[in-house]
Amino acid sequence: MFQQTEVTLDELRHLVSDRALTGETVLLNMGPQHPSTHGVLRLLLELDGETVINCIPDIGFLHTGIEKNMEAKTYEKAAVMTDRLDYLNTIGNNLVYCLAIEKLAGLDVPPRAEAIRVILTELQRISSHLVWLGTHALDMAAMSTFLYCFREREMILDIMEMCSGQRMMTTYFRPGGLWRDIPVGFETAVRQFIRMFPARIDQYEALLTKNPIFLDRTKHIGVISADEAIRWGLTGPSLRGSGPDYDIRKVTPYSGYEQYEFEVPTATGGDVYARYFVRMEEMRQSLRIIQQALDKLPFGPVRSNNRKYAPPPRAELGVSMEAVIHHFKLWTEGFSLPKGAVYMPVESPRGELGVYLESDGGPKPQRVHYRTPSFVHLQALPLLSKGHLVADLVAIIGSVDIVLGDADR
Amino acid sequence: MGVEQKLGNMGIATLKLEEVINWSRTNAMWPMLFGLACCAIEMMAAQASNYDLSRFGMELMRASPRQADLMIVAGRVSRKMAPVLRRLYDQMPDPKWVIAMGDCASCGGVFNNYAIVQGVDEVVPVDVYVAGCPPRPEALIHGIITLHEKVKGEKVKDWA
């Protein structure tokens with residue numbers, strides 16, 4: 001049932017150089033089970049000594065069929081699937097999916113829901129960057145950074161759990177707003193986090209930024225020019241490390257990002273260190289956004305009043321027959337979207353996360369496609385790693401911050 | 001500390017050999033560093049500062065299956081991954097145990113489709129199933145302690 005097929009060298013002929021066929025270079029298999037491939041990624045390396053001549057990524061070890069599965073579910077139920085795509089940016093996946101539905105349906109989102117969405121998405125961005133920083137440093141043998149990062153990440157997960165009852169797979173954002181309002185104590189918890197966290201970023205930077213070992217491992221490694229980065233479709237911190245200040249939160253603001261003041265950090269090196277620098281700065285900017293959003297958090301409902309898309313409040317069910325009918329229709333048949341297609345991009349911690357949603361007018365999506373940054377960034381990996389040592393490859397994989405759930409879907 | 005204080009100066013404790021072996025197996029159970037998907041992040045969290053798996057003698061995750069005796073299947077197993085998983089299991093030396101962490105590894109979870117193996121027990125024998133999507137680190141630790149209980153009841157001859 002699960003047969004592993006043997007691949008002969010002849011079948012690889014078009015992928016490797018001629019020197020591999022004569023045995024001059026070595027073909028080495030890295031992964032799919034390897035501590036520093038950040039998931040089940042397999043890399044076929046062609047090596048001359050320790051130098052990488054060619055790197056062929058082999059993906060699909062985590063192919064889950066999420067997009068296909070979503071076609072069999074109603075729009076609201078399919079939101080549960082989106083969490084499990086990029087499991088470090090779960091709430092961001094919900095966000096982009098909900099935004100696409102709202103865009104196609106012309107559904108309104110109350111300002112309070114938008115502000116809470118921004119707060120939670122930015123918290124998630126920080127938590128994703130913390131996992132990236134911890135594992136990236138761990139790959140370069142800096143164990144303590146990993147422990148510090150996960151300590152702070154727990155605080156964010158506690159806030160997520162407070163809102164939704166789940167640490168990671170929250171499904172807290174729903175089409176038209178949020179599942180429910182934020183609980184008492186949310187604001188205190190977030191304020192405590194943003195008060196404490198700047199000092200913690202300084203602490204990480206004290207461990208790494210001027211650490212000679214870290215500098216040796218990251219400076220001038222995996223360099224990509226701005227021009228090439230654009231041509232390879234890099235987005236997010238991987239692009240901004242090369243210079244362009246392209247950020248979807250600034251270019252096409254969504255969820256009210258235009259109200260908040262923040263900078264888009266860039267660096268010019270284009271190497272692993274530059275991408276590290278950009279992500280560290282991004283965490284500080286995320287804190288600024290959270291602070292502003294918290295300060296002017298409006299009062300009001302957190303879910304759209306459009307009964308065709310959002311369920312009626314519980315209190316109405318006892319007194320209004322119409323509310324009961326709406327509730328029944330929504331939980332059995334689900335809502336239908338107008339016929340058409342829509343593309344909605346957002347800025348995920350990794351780059352441009354877009355969803356292409358096609359509706360045939362029924363209650364289930366005809367096609368959902370995720371344009372995921374990890375998938376796009378993986379194709380630049382051979383370019384980034386060519387000419388570097390095997391040990392540097394680990395740093396390069398970490399620096400483009402791929403999540404295989406995001407790439408394979 | 002520990003035994004010396006309990007026993008005074010005796011220096012000798014009489015036990016069944018089987019109990020000593022099982023006790024030592026539970027307290028130095030090295031898991032294989034093998035993350036697949038979302039659950040792997042919670043597995044990492046279980047090892048990190050707040051939950052600190054090293055309390056149970058498990059701070060060493062071995063990247064090589066040859067040095068591991070516990071496989072934590074953390075996440076969904078696709079059909080492409082299944083043969084790799086089996087090969088890794090075969091490479092582990094006896095005695096070895098498997099924990100299916102999370103709903104996907106236990107039964108396919110929310111993914112009842114063409115791509116995902118409906119439970120990792122189709123490929124390798126599983127000792128403990130941990131429910132949750134993903135399970136909290138506490139749940140994983142509970143699963144590990146449950147496995148410890150199971151190991152304490154094993155016979156040495158089982159692995160001979």
Side-chain angles (χ1 to χ4, degrees), chain A residues 1-5 31-40 42 58-70 72-73 77 80-81 83-88 90 127-128 131 134-135 138 144 146-155 157-158 161 166-169 403-405 408-409, chain B residues 32-42 44-52 54 59 61-65 68 71 74-89 91 102-104 108-117 122-124 132-139:
Chain A
M1 183 164 132
F2 306 115
Q3 278 293 311
Q4 205 166 21
T5 47
Q33 186 261 337
H34 188 278
S36 23
T37 47
H38 293 238
V40 278
R42 174 171 170 245
D58 178 9
I59 60 167
F61 285 100
L62 198 57
H63 176 64
T64 317
I66 290 181
E67 288 170 1
K68 189 71 191 165
N69 242 21
M70 284 169 81
K73 297 194 181 299
K77 285 175 187 166
V80 176
M81 295 279 164
D83 280 300
R84 287 143 182 93
L85 281 160
D86 175 356
Y87 38 82
L88 293 183
T90 55
S127 95
S128 170
V131 175
T135 51
L138 192 63
S144 45
F146 167 78
L147 295 172
Y148 291 134
C149 288
F150 268 71
R151 182 184 62 189
E152 271 76 74
R153 185 171 178 268
E154 288 295 327
M155 298 185 73
L157 292 185
D158 285 347
E161 193 184 2
Q166 246 278 28
R167 283 156 56 88
M168 282 171 71
M169 308 302 167
V403 168
L404 267 296
D408 292 343
R409 303 192 285 283
Chain B
M32 189 165 70
L33 200 138
F34 182 53
L36 288 166
C38 333
C39 290
I41 308 295
E42 287 294 59
M44 276 153 67
Q47 284 172 296
S49 344
N50 286 34
Y51 297 97
D52 194 13
S54 59
E59 69 269 39
M61 295 290 253
R62 304 312 294 184
S64 159
M71 180 189 244
R76 48 201 187 233
V77 181
S78 70
R79 282 176 186 268
K80 188 171 178 179
M81 194 64 198
V84 182
L85 184 98
R86 179 67 211 195
R87 179 175 283 193
L88 286 168
Y89 178 78
Q91 284 174 343
D103 290 350
C104 297
V110 287
F111 304 113
N112 186 3
N113 63 20
Y114 64 94
I116 294 298
V117 176
E122 287 184 21
V123 190
V124 292
C133 187
R136 303 174 58 91
E138 291 100 323

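With Ser78(B) contributing its side chain and Thr64(A) its backbone, the two residues share no donor-acceptor pair below 3.5 Å.
Taking chain A as the reference chain and counting heavy-atom pairs below 4.5 Å, the highest number among Met32(B), Arg136(B), Arg86(B) is found for Arg136(B). For the set Leu85(B), Asn113(B), Asn112(B), the entry with the most heavy-atom pairs within less than 4.5 Å of chain A is Asn113(B). Interface summary for chain A: among Gly35(B), Ala37(B), Ala63(B), Ser49(B), the most heavy-atom pairs under 4.5 angstrom belong to Ala37(B). Interface check for chain A: of the options Ile116(B), Ile41(B), Leu36(B), the most heavy-atom pairs under 4.5 Å are formed by Ile41(B).
Neither the backbone nor the side chain of Leu404(A) comes within less than 4.5 Å of any heavy atom of chain B. For Met44(B), the parts sitting under 4.5 Å from any heavy atom of chain A are the backbone and the side chain alike. Tyr114(B) touches chain A through its side chain: at least one heavy atom from C-beta onward sits under 4.5 Å away, while N, CA, C and O do not. Of the atoms belonging to Thr135(A), it is side-chain heavy atoms, and not backbone ones, that fall under 4.5 Å from chain B. Proximity to chain B (any heavy atom under 4.5 Å) is restricted, for Arg153(A), to the side chain, taken from C-beta onward. Heavy-atom distances place both the backbone and the side chain of Ala45(B) under 4.5 Å from chain A. Looking at Leu88(B), only its side chain comes within 4.5 Å of chain A, counting heavy atoms on both sides. With a 4.5 angstrom heavy-atom cutoff, Leu138(A) does not touch chain B via any of its atoms.
Judged as a side-chain hydrogen bond (donor to acceptor under 3.5 Å, both in side chains), and not counting sequence neighbours, the contacts of Glu42(B) are Arg167(A). Residues forming a ring-ring contact (aromatic ring centres under 6.0 Å, His included) with Phe150(A) (at least two apart in sequence, or on another chain): Phe146(A).
Here the CZ-CG distance, from Arg76(B) to Leu62(A), works out to 4.5 Å after rounding to the nearest 0.5 Å.
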